[in-house]
Amino acid sequence: MTQVSETDAIVAGAGVWGCTVARTLADAGLRVLVLERRSAPGGNCRCRRDPESGAEVHVYGSHIFHTSDPKTWAFVNRFTAFNGYQHKVLARHAGRTYFMPLGLALVNAFFGKELAPAEVPAFIAAETASAGLPGTPRNFEEQAVSFVGRRIYEAFIKNYTAKQWGRDPKELDASIIRRLPVRASYDVNYFSDVLQGIPRWGYNALFDEMLSHPNIDLRTGVDFLKERPKLPAGKHVFYSGPVDELLGWRFGPLPWRTLRFELENAPVADWQGTSVVNYVDADVPYTRIHEFKHFHPEDAETMARPCTTICREYPATWKPGDEPYYPVNDAASAALLGEYRAAAAREFPDVTVGGRLGGYRYLDMDKSMTDAIATAEAFLKKLRNA
Ligand code: UDP
């Protein structure tokens, strides 16, 4: 095991970004000290097995790995096999259940039509024409209505979004809705990425395997910011904690949304017939219900057990000290982030800040991994050229 005094680089935070940086540096021969504040690595992908239902419970909300980047897929497949799970999301609206991607299955079921794919663009154009939209969408609502028209927006997007973000969608950034695919086909896969799945032996095993390298020394229960004075000087640090915390919150906290999860074991083998159902209406206080066993359909024993773990997800107002989940990206937070980034670059030239928390970004796992590989490779290149 690497001794602290022999460390070549320090990674603060063992989530997706930190573990990927650590492993890429270690593979290149560097000795890496990884410090994690929680008791185990994996960040918000961390899971726990429920003893009664046998399900792999995603304790920070459902995580499905999906990517279109072959390099990232090859990287993650070095540490785990994937089970071939393809994510589908259903949406409950006004007492009926629809396939959520904004596509032909939803449009035809919602409007009671039998449109063919070629008829969808004209149908949506007619739906949006009456909406009186400006040429370029200026916010989330205008962007969403321009994609699907006002009636689908009002039914499936407006209320869910208001619950999720605690704001009127007119005040939100248009980029958020661009995450959702809009299709003129019956493809009900939630993601457009074909490279997709759940780690066959669970997320915890994936992160344990990533960090299992003779050049990596993982210390859990260690807060980098508190330990910093005792750490060896002059070592480059890859920091994936909140950037405002790195600077002592001196300009005020960057705003987040948080989530509250309500877990329940139901005495049935199958509670909702699928892994995630969104509740898109305003009168239901939660946004979705997760049923974790469906992420592992290959696990016949768990599937058959007459017990299943479900989880209701409630978005909530965040205050300092709460778990940060979604960055609230708007003009005010962008200005604040700019101040923090400038201060970090000025005062911590030996610290690379990244990841979801460090970058203050709404970041999927694969994007975080891709970014971490590129960050570590750029650092190695600089070292070789020095
Ligand atoms: N969204 C919606 N209705 C849905 C699902 C998503 O309006 O049934 C909107 C909502 O604004 C959300 C965004 O689409 O924030 C992105 O959804 P995604 O499922 O990617 O969110 P995540 O799984 O990251 O929470």
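Computed from heavy atoms alone, side chains included, the values below leave out hydrogens, waters and symmetry copies. First listed ligand is number 1; within each ligand, the first listed atom is number 1.
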Quiz prompt | Side chain proximity check, E291 to T274, heavy atoms < 4.5 angstrom | solution = no

Exercise. Would you check ligand 1 and list the protein residues that come within less than 4.0 Å of it by any heavy atom, ordered by chain and number?
Key: M100, F140, F156, I157, Y160, T161, Q164, W165, I176, R179, L180, Y190, N278, V280, R288, Y326, Y362

Quiz item: Do D173 and N139 meet the criterion of a side-chain donor-acceptor pair at a distance under 3.5 Å?
Solution: no

Quiz item: Does any donor atom in the side chain of H236 or D350 lie under 3.5 Å from an acceptor atom in the other side chain?
Solution: no

Exercise. Would you tell me whether S68 and D193 have side-chain atoms, one donor and one acceptor, within less than 3.5 Å of each other?
Key: yes

Quiz item: Regarding Y362 and R356, is there a side-chain donor-to-acceptor distance under 3.5 Å anywhere?
Solution: no

Practice problem: Say whether E141 and Y153, considering side chains only, have a donor N or O and an acceptor N or O under 3.5 Å apart. | Solution: yes

